[in-house]
Amino acid sequence: MQRTARAQPNIALIKYWGKRDSGLNLPAVGSISITLDTLYTEMSIELDPTLEADVLRINDEPAPGMLPRVSACIDSVLGATRERARIDSHGNFPVAAGLASSASAFAACVVAADALDATERSRATLANLAGRASGSAARSLFGGFVELANREDSVHVESLLDAGEWPLEVVVAITSEHEKAVGSGEAMEISRRTSPFYGRWLAEQDADLDTARQAIAARDVDALGTIAEHNCLKMHSVMWTSRPPLVYWTAATIACMETVRRLRDAGTPVFFTIDAGPQVKAVCEPSAAGAVEAALAATPGVLRTLRTPLGEGARLVNQA
Ligand code: DP6
């Protein structure tokens with residue numbers, strides 16, 4: 001029996017950085033993200049009683065390094081005594097370069113695993129199970145503008161607006177195709193232990209979430225951009241002031257931020273955000289997306305650009 005699910009990455013506008021429980025992988029702060037459309041991960045899971053161990057292939061290559069996390073994610077849905085699985089994952093964008101490939105992968109993983117038995121778990125349950133594998137994956141269960149709120153021993157994830165209700169676009173400027181040196185999970189723990197700004201980061205997050213929620217309800221791109229850039233730069237300040245420092249930016253990352261500021265000064269409705277990697281994501285009105293993409297593509301150090309509208313949450317795509 002095989003099930004295939006597709007999920008898109010999401011990009012946080014109000015960031016998740018820090019865990020309050022690393023065993024359960026519960027985030028220390030709430031977050032708000034947008035789910036993308038044209039980038040995706042498709043994961044097929046086939047249970048096979050003849051297999052002695054799970055087998056994972058990513059883009060047709062064996063991927064033993066990622067296998068323990070994926071196996072644990074499937075266990076969290078189906079139980080550890082399940083039959084072993086053949087897992088095939090395909091994505092159309094670079095892995096581990098700050099483009100949230102783990103978010104789309106684990107969101108697809110829980111949806112495919114869920115379809116392998118008759119339990120029919122709720123979206124809320126699946127979001128919590130995906131979040132246990134990777135905090136940001138919980139948000140890719142939903143489409144459009146998504147808020148993840150902390151509950152006592154779980155997260156509550158919901159869509160604030162569907163993709164079609166405020167159809168912004170995202171242009172990603174790729175400045176490096178290399179895998180990042182320190183993964184987000186490990187880096188967050190370094191920040192929690194060592195950055196003198198970490199406590200202040202936690203203390204201000206609820207106010208940033210309120211501001212962003214209001215901007216989204218009002219479809220106010222300037223207000224959303226102002227709080228999203230501020231929140232992003234605060235997260236990077238926490239990273240920079242960690243010991244050892246966590247600096248994901250390159251010269252091209254900064255050049256892209258300047259390109260976005262220059263466009264905005266000239267009247268274009270656009271803002272940037274940057275995750276734990278060197279890529280810059282510019283969020284804009286659809287009418288501006290062509291000009292934003294051209295300006296970022298012409299920025300020194302940009303290797304290529306991707307452009308996508310907002311999309312829907314993780315879903316099953318076929319049943320064999
Ligand atoms: C900077 O979800 O990858 O992209 O829970 O340890 O898997 P783990 O972390 P992950 O962290 C994402 C961090 C971020 C900000 C965000 O997406 O909110």
Side-chain angles (χ1 to χ4, degrees), residues 7-36 39 41 65-66 68-70 72-73 76 93-110 127-142 145-150 154-155 157 170 172 179-193 195 198 201-202 205 208-209 212 227-240 242 246-249 253 272-281 283 314:
Q8 289 98 267
N10 67 78
I11 291 183
L13 303 181
I14 303 297
K15 306 290 188 187
Y16 150 46
W17 195 254
K19 301 174 196 282
R20 67 191 151 98
D21 182 328
S22 51
L24 292 172
N25 201 41
L26 290 170
V29 287
S31 52
I32 292 180
S33 60
I34 43 180
T35 303
L36 306 183
L39 315 181
T41 302
M66 277 296 286
R69 267 178 96 185
V70 174
C73 181
S76 77
F93 62 101
V95 171
L99 270 174
S101 55
S102 64
S104 50
F106 288 112
C109 184
V110 295
N128 273 278
L129 294 174
R132 212 180 281 176
S134 183
S136 54
R139 299 185 308 237
S140 277
L141 267 297
F142 295 84
F145 292 77
V146 178
E147 177 162 9
L148 181 152
N150 268 321
S154 63
V155 293
V157 191
V170 178
V172 183
E179 293 204 5
K180 58 193 169 199
V182 189
S184 306
E186 186 188 345
M188 284 178 202
E189 284 299 284
I190 295 172
S191 290
R192 183 182 61 75
R193 285 198 311 269
S195 171
Y198 185 76
W201 159 253
L202 299 187
Q205 188 77 346
D208 289 5
L209 289 164
I227 194 63
E229 289 190 358
H230 174 67
N231 187 268
C232 165
L233 293 173
K234 264 194 307 200
M235 178 185 75
H236 283 275
S237 303
V238 171
M239 294 168 168
W240 281 47
S242 298
L246 301 157
V247 178
Y248 290 103
W249 297 358
T253 312
F272 66 77
T273 191
I274 305 160
D275 291 301
Q279 331 303 5
V280 176
K281 293 100 179 192
V283 183

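Atom set for the values below is all heavy atoms of this structure, side chains included, hydrogens, waters and symmetry mates excluded. Read the numbers this way: they start at 1 and go in the same order the structure lists the ligands and their atoms.
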Nearest protein heavy atom with distance in Å, relative to atom 4 (O) of ligand 1: Asp275 OD1, 3.5 Å
Do the side chain of Ser140 and the main chain of Gln8 share a donor and acceptor less than 3.5 angstrom apart? yes
Decide whether the shortest distance between a heavy atom of Arg132 and an atom of ligand 1 is less than 4.0 Å. no
Within a strict 4.5 Å, meaning less than it, do heavy atoms of the Arg139 and Ser136 side chains meet? yes
Among the heavy atoms of Ala276, does any lie under 4.0 Å from an atom of ligand 1? yes
Considering only heavy atoms, does Ser31 approach ligand 1 within less than 4.0 Å through its side chain, its backbone, both, or neither? neither
closest protein heavy atom to atom 2 (O) of ligand 1 is Ser136 OG, 2.6 Å
Is the backbone of Trp249 close enough, under 3.5 Å, to the side chain of His236 for a donor and an acceptor to pair up by distance? no
Give me the nearest non-hydrogen protein atom to atom 7 (O) of ligand 1 as residue plus atom name, then the distance to 0.1 Å. Ser134 OG, 2.7 Å
Sub-4.0 Å heavy-atom approach of Arg139 to ligand 1: yes
Could you check if a side-chain atom of Gln205 sits within less than 4.5 angstrom of a side-chain atom of Trp17, using non-hydrogen atoms only? no
Just which atoms of ligand 1 are under 4.0 Å from any heavy atom in Asn25? 5 (O)
Look only at the side chain of Asp275 and the backbone of Gly277, and say whether a donor-acceptor pair between them is shorter than 3.5 Å. no
Using a strict 4.0 Å cut-off to heavy atoms of Gly135, name the atoms of ligand 1 that fall inside it. 2 (O), 5 (O), 7 (O), 8 (P)
Atom 6 (O) of ligand 1: closest protein heavy atom, distance to 0.1 Å, is Lys19 NZ, 2.5 Å
Distance filter under 4.0 Å to Ala12 heavy atoms, resulting ligand 1 atoms: 16 (C), 17 (O), 18 (O)
Would Ser191 and Leu246 count as a side-chain contact (heavy atoms from CB on, under 4.5 Å) if you check the C-alpha gap in whole Å, the side-chain angles of each, and the deciding distance to 0.1 Å? CA-CA 8 Å; Ser191 290; Leu246 301 157; 3.7 Å; yes
Salt-bridge test for Lys15 and Asp208: reply yes if a basic N is under 4.0 Å from a carboxylate O, no otherwise. no
Considering only protein heavy atoms, which is closest to atom 9 (O) of ligand 1, and at what distance to one decimal place? Met188 CE, 3.5 Å
Of all protein heavy atoms, the one nearest atom 18 (O) of ligand 1 is Tyr16 N, 2.9 Å
Can you list the ligand 1 atoms lying under 4.0 Å from a non-hydrogen atom of Gly185? 6 (O)
State, yes or no, whether a side-chain contact exists between Ile274 and Thr253 at a heavy-atom distance under 4.5 Å. yes
Classify the contact between Asn10 and ligand 1 as side chain, backbone, both or neither, using a heavy-atom distance cut-off of under 4.0 Å. neither
Looking only at distances, please establish whether an N/O atom of ligand 1 is found under 3.5 Å from an N/O atom of Ile14. no
Establish, from distance only, whether the side-chain atoms of Arg132 and Ser76 form a donor-acceptor pair under 3.5 Å. no
From Ile14 CD1 over to Thr273 OG1, what is the distance, rounded to the nearest 0.5 angstrom? 8.5 Å
Are the side chain of Asn10 and the backbone of Ala137 linked by a donor-acceptor contact shorter than 3.5 Å? no
Can you list the atoms of ligand 1 that are under 4.0 Å from a heavy atom of Arg69? 7 (O)
